[in-house]
Number of protein chains: 2
Amino acid sequence: MIFTYMCKTCGCSFRSRDFGNIERFVEPCILLLLSQKPSHGYSLMEDLEHKCGEKVDIGNLYRTLRRMEMDGWVKSDWSKNESGPDRRTYTITQEGLEFLKSAVSSLTHTDELIHRLMEGYKEAFRKEQASV
Amino acid sequence: MIFTYMCKTCGCSFRSRDFGNIERFVEPCILLLLSQKPSHGYSLMEDLEHKCGEKVDIGNLYRTLRRMEMDGWVKSDWSKNESGPDRRTYTITQEGLEFLKSAVSSLTHTDELIHRLMEGYKEAFRKEQASV
DNA sequence: TTTAATATATGATATTTACATATATGTGCA
DNA sequence: TGCACATATATGTAAATATCATATATTAAA
């Protein structure tokens, strides 16, 4: 999800990610899915979209999973697949469960910051909203 | 706000930003403050912490303000200061007000994704929470 | 005169994301 | 057989963003 800006000084257009993205938000989403049952990258891609509302770049997802294994939050093993290429199946670890818990806690704080901004916005633009 | 990870394969430690950060979240916070009255970088730094709960790196803040001016969301003028160095005073523009509105809208979506994750977490770990 | 607070700015580096591309297996079909 | 397509994993490159350090200058206070 990207959108385009126009530079005011030289007129060139440039691209940026859509506003509101939480850095590495996909990681607790992956961990929550894996806490229910082990899975592999391609399947997680579909579940992330349908169950978590997260459209992810598949290349990024595979790199993220390898990094999460480096971090000790998941571990992986190859599993045979009769109806297609073999799969690298990921399982959540105790450390992964602990990070998931701390991530939910951090997101509570993020949520508070969002609400603080939205409340301030509502208060500042109350009259304009009333007139609409 | 940063925290430290330990690499599981080589034992090296490395640093990352704290979890839960929203990319460029400081920008709508700045715009909301400027929608109330024009201000300058150093003063915004203090207001961002006390009114918005956002501790910002001052170097990053000045660079962000210059970028926001490039984007057309604010404009700046130098103003004399008898009790210290002169200040670059920023004023919000109509485009800035429009971006603030769209940012609040995007953050509503971000908020939904956070709540979706937190609800899923609560449901998955209900028993553990009950036993604590 | 030296220190601290105020005030703005940039250089270097690390991290994360976006987009493109490479590789390989199994299924269906013409 | 040859081809397209879905499945499946992975990496190369570049852009965007954040972190940390540092530079510069003014005013006031110790």
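Because only heavy atoms are used, hydrogens play no part in the values below, and waters and symmetry mates are left out as well, while side chains stay in. Throughout, a chain's letter reflects where its sequence line sits, starting with A, and its residues are numbered from 1.
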Atom-pair distance ([atom1] on [X]; [atom2] on [N]), nearest Å:
{"X": "B:M70", "N": "D:dT17", "atom1": "CE", "atom2": "C1'", "result": "15 Å"}
{"X": "A:L61", "N": "C:dC19", "atom1": "CG", "atom2": "C1'", "result": "16 Å"}
{"X": "B:E54", "N": "D:dT19", "atom1": "CD", "atom2": "C1'", "result": "15 Å"}
{"X": "A:M45", "N": "D:dA10", "atom1": "CE", "atom2": "C1'", "result": "14 Å"}
{"X": "B:I22", "N": "C:dT17", "atom1": "CD1", "atom2": "P", "result": "13 Å"}
{"X": "B:K55", "N": "D:dC20", "atom1": "NZ", "atom2": "P", "result": "13 Å"}
{"X": "B:E23", "N": "C:dT15", "atom1": "CD", "atom2": "C1'", "result": "11 Å"}
{"X": "A:R24", "N": "D:dT17", "atom1": "CZ", "atom2": "P", "result": "18 Å"}

| message | Check this for me, if you would: do B:D71 and B:R24 make a salt bridge, where the nitrogen-to-carboxylate-oxygen distance has to be below 4.0 angstrom? | response |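 Looking at B:R24 together with B:D71, the answer is yes, because their closest N to O distance falls below 4.0 Å.
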| said: Please list, in numerical order, the residues of residues 30-39 of chain A that have a heavy atom closer than 4.0 Å to any atom of DNA chain D. | reply: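 Going residue by residue through residues 30-39 of chain A, none turns out to have a heavy atom under 4.0 Å of DNA chain D.
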Contacts of type side-chain hydrogen bond (donor to acceptor under 3.5 Å, both in side chains), residue [X], not counting sequence neighbours:
{"X": "A:S43", "result": "A:S39"}
{"X": "A:T93", "result": "none"}
{"X": "B:R67", "result": "B:E27"}

Got a list of side-chain donor-acceptor pairs under 3.5 Å for residues 82-92 of chain A, not counting sequence neighbours?
{"from": "A:S83", "atom 1": "OG", "to": "A:N81", "atom 2": "OD1", "distance (Å)": "3.3"}
{"from": "A:D86", "atom 1": "OD1", "to": "A:N81", "atom 2": "N", "distance (Å)": "3.2"}
{"from": "A:D86", "atom 1": "OD2", "to": "A:K80", "atom 2": "NZ", "distance (Å)": "3.0"}
{"from": "A:R87", "atom 1": "NE", "to": "A:H40", "atom 2": "NE2", "distance (Å)": "3.4"}
{"from": "A:R88", "atom 1": "NH1", "to": "A:S76", "atom 2": "OG", "distance (Å)": "3.0"}
{"from": "A:T89", "atom 1": "OG1", "to": "A:S79", "atom 2": "OG", "distance (Å)": "2.7"}

| query | Quick one: does B:L44's side chain get under 4.5 Å of B:L65's, heavy atoms only? | reply |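 A side-chain contact exists here, since the closest heavy-atom pair is under 4.5 Å.
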| What is the ring orientation for B:F99 with B:W73, classed by angle as parallel under 30°, tilted 30 to 60°, or perpendicular over 60°? |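 The rings of B:F99 and B:W73 lie parallel, inter-plane angle below 30°.
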| Interatomic distance, A:H115 atom NE2 to A:K122 atom NZ [nearest 0.5 angstrom] |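 The distance works out to 8.0 Å.
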| Would a distance-only check, ignoring hydrogens and angles, find a side-chain to backbone donor-acceptor pair under 3.5 Å from A:S105 to A:K101? |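 Side chain of A:S105 to backbone of A:K101, a donor-acceptor pair under 3.5 Å: no, none is there.
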| note | Reading nucleotides 6-13 of chain C from 5' to 3' and marking B where a protein heavy atom lies under 4.0 Å of the base, S where only the sugar-phosphate is that close, and - otherwise, the string is BBBBBBB-
